Amino acid sequence: MSHNLRDVKIYFFMALDFEIIKKEALEAIEKAGDLAYLEETFKKYLGKKGKIAEAFESFGDLALEEKKELGIKINQIKKELENIYFQKERELKDILIKQKVGQGSADILLPGIKPEIGHLHPITKVKREAEEIFKSMGFEIAQGPEVETEWYNFDALNIPDWHPARDMWDTFWLRQSELKMKNEKIKTEGKLLLRTHTSPVQIRYMEKHQPPIKIIAPGRVFRYEATDASHEMQFYQIEGLMVAENISVANFKAIIQAFFQKFFDDKNIKIRLRPSYFPFTEPSFEIDVSKPDGTWMELAGAGMVHPSVLKAGKIDANKYTGFAFGMGLDRLAMIKYKINDIRLFYQNDLRFLNQF
Ligand code: YSA
């Protein structure tokens with residue numbers, strides 16, 4: 001530990017300063033005869049721009065050792081003052097209540113004001129329900145970053161930069177200079193972007209795990225596209241991936257059917273698989289679920305994992321097969337709660353949110 005004389009001196013004077021502030025503050029709290037004065041005192045000494053905060057800022061150029069010691073001391077003083085402040089506040093409030101009751105101006109028989117209790121956002125609820133159902137079927141939860149590289153979001157999923165399928169996902173590209181990404185990384189993993197789907201988590205997981213793999217990956221995704229009643233620029237997906245020996249479309253159908261039956265609590269829920277195209281699956285399909293009004297809503301894209309994708313994930317494509325899917329959580333919530341416009345989820349309108 002090295003103490004230079006200048007810093008020790010500054011430390012000594014500053015510690016003294018804090019003791020003086022503490023004494024002044026104690027006297028002011030003691031003197032406070034009403035809540036307004038007490039609150040003013042709090043602001044003056046303990047507030048964001050109060051004397052303690054001001055003094056705190058002034059020891060920026062002290063040596064680390066002294067800074068640490070002084071920091072501990074100030075926090076002790078702050079805690080002590082706060083405790084005394086809260087005690088005084090209780091005392092003053094008690095006096096006020098007694099006065100009001102004495103004057104008959106407080107009706108002690110009136111019911112109290114019920115504090116508002118927060119609750120979960122409908123998308124969070126749906127995400128948790130979906131997680132629980134998949135967990136009960138043996139799936140583990142995996143995660144990946146929202147800021148992705150071109151490699152994980154596209155190339156590793158069999159979508160090189162010349163591939164027209166990149167247009168399926170209108171992308172928010174990030175300015176590389178602002179993110180200070182190392183040039184080396186840009187060379188190997190490409191540019192940075194906001195992930196357009198949760199599928200990159202498949203690759204990140206496969207790189208580190210060998211089959212059998214059975215995961216889901218819920219998360220937020222972003223697309224540079226116009227919004228309408230069923231499309232948002234930012235929404236949630238839940239990715240699923242199962243890789244082992246002899247996995248087939250039949251396994252996928254059984255699992256997704258069981259999921260929907262549980263999620264909608266309806267043994268007769270109608271789903272349909274439509275042939276589709278994704279570069280990372282072969283064959284590929286889209287899954288629609290029947291809405292109460294008899295129309296269909298597209299909920300997910302899915303398919304059998306393309307051998308190139310297994311290879312990018314360092315998995316032996318001759319030995320293993322797998323299925324994967326990416327489901328829209330917002331759309332699940334829309335069907336479950338009979339919401340006809342996805343944009344309602346993101347407007348923070350309490351009249352809407354309080355219904356869940
Ligand atoms: C396909 C095959 C796999 O092996 C794995 C995943 C996938 C899905 C693929 N990654 C994908 O994102 N397909 S998708 O563009 O069709 O989106 C999947 C689901 O997300 C849609 O079915 C829909 O439910 C939801 N979705 C898509 N765009 C949306 C949206 N939800 C809200 N707003 C949007 N703009």
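Numbering of ligands and ligand atoms starts at 1, following listing order. In this text the structure is predicted, and so the values were computed from the model without any measurement.
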Check whether the side chains of Thr321 and Asn246 place a donor and an acceptor atom closer than 3.5 Å, and report yes or no.
no
Report the part of Arg331 (side chain from C-beta onward, or backbone N, CA, C, O) that has a heavy atom under 4.0 Å from ligand 1; answer both or neither where that applies.
side chain
Have Glu207 and Tyr152 got a donor and an acceptor in their side chains that come within less than 3.5 Å?
yes
Check each atom of ligand 1 against the heavy atoms of Ala300 and keep those under 4.0 Å away; list them by number with element.
22 (O)
Could you check if a side-chain atom of Glu131 sits within less than 4.5 angstrom of a side-chain atom of Phe139, using non-hydrogen atoms only?
no
What protein heavy atom lies closest to atom 7 (C) of ligand 1? Include the residue and the distance to one decimal.
Gly301 O, 3.4 Å
Closest non-hydrogen protein atom to atom 33 (N) of ligand 1, residue and atom name please, with distance?
Glu232 N, 3.0 Å
Can you sort out which atoms of ligand 1 are near Glu225, meaning under 4.0 Å from one of its heavy atoms?
34 (C), 35 (N)
Mark up the atoms of ligand 1 that fall under 4.0 Å of a heavy atom belonging to Ser230, in ascending order.
32 (C), 33 (N)
Who's the nearest protein heavy-atom neighbour of atom 4 (O) of ligand 1, and how far?
Thr281 CG2, 2.9 Å
Cation-aromatic face contact Lys336/Phe263, 6.0 Å, 45 degrees:
yes
Verify ring-ring contact (aromatic ring centres under 6.0 Å, His included) between Phe252 and Phe285, making sure each step is shown before the conclusion.
CA-CA 11 Å; Phe252 171 68; Phe285 22 83; 5.7 Å; yes
May I ask you to decide if the ring planes of Phe280 and His197 are parallel, tilted or perpendicular, using 30° and 60° as cut-offs?
perpendicular
Heavy atom to atom 13 (N) of ligand 1, shortest distance: which of Phe278, Phe325, Phe222 holds it?
Phe278
Counting only heavy atoms, which portion of His197 has something under 4.0 Å from ligand 1: side chain, backbone, both, or neither?
side chain
NZ/NE/NH1/NH2 to OD/OE distance under 4.0 Å, Glu286 and Arg272:
no
Give the atom numbers and elements of ligand 1 that come within less than 4.0 Å of a heavy atom of Gln202.
4 (O), 5 (C)
Taking atom 20 (O) of ligand 1 as the point of reference, which of Gln237, Arg195, Glu286 owns the nearest heavy atom?
Gln237
Quick note on ligand 1: atoms under 4.0 Å from a heavy atom of Trp169 include exactly 11 (C), 12 (O), 15 (O)
Are Glu19 and Lys73 close enough for a salt bridge, meaning some N to O gap below 4.0 Å?
yes
Protein heavy atom at shortest distance from atom 26 (N) of ligand 1:
Phe235 CE1, 3.4 Å
Can Lys23 and Glu27 be counted as an ion pair, charged N to O under 4.0 angstrom?
yes
Which one holds for Phe280 and ligand 1: side chain close, backbone close, both close, or neither close, with close meaning a heavy atom under 4.0 Å?
side chain
Is it the side chain (CB and beyond), the backbone, both or neither of Ile342 that lies under 4.0 Å from ligand 1, heavy atoms counted?
side chain
For ligand 1, is there an atom lying under 4.0 Å from some heavy atom of Leu299?
yes
Phe172 six-ring centre to Arg223 NZ/CZ under 6.0 Å and within 45° of normal:
no
With a cutoff of 4.0 Å, is Glu239 in contact with ligand 1, counting heavy atoms of the residue only?
yes
Pull out every atom of ligand 1 sitting under 4.0 Å from any heavy atom of Gly328, numbered as shown with elements.
19 (C), 20 (O), 24 (O), 25 (C)
Nearest neighbour in protein (non-hydrogen) for atom 15 (O) of ligand 1
Arg223 NH1, 2.9 Å
Going by heavy atoms in the side chains, are Met137 and Ile133 under 4.5 Å from each other?
yes
Determine whether any heavy atom of Ser284 lies closer than 4.0 Å to an atom of ligand 1.
no
Would you call Lys51 and Glu24 a salt bridge, using N to O less than 4.0 angstrom?
yes
Tell me, which protein residue and heavy-atom name are nearest atom 22 (O) of ligand 1, and how many Å apart are they?
Glu298 OE2, 2.5 Å
If you measure from the Lys or Arg side-chain nitrogens to the Asp or Glu carboxylate oxygens, is any gap between Glu148 and Arg204 under 4.0 Å?
yes
Does Met233 come within less than 4.0 Å of ligand 1, judged by its heavy atoms?
no
For ligand 1, which atoms sit closer than 4.0 Å to a heavy atom of Ser199?
5 (C), 6 (C), 10 (N)
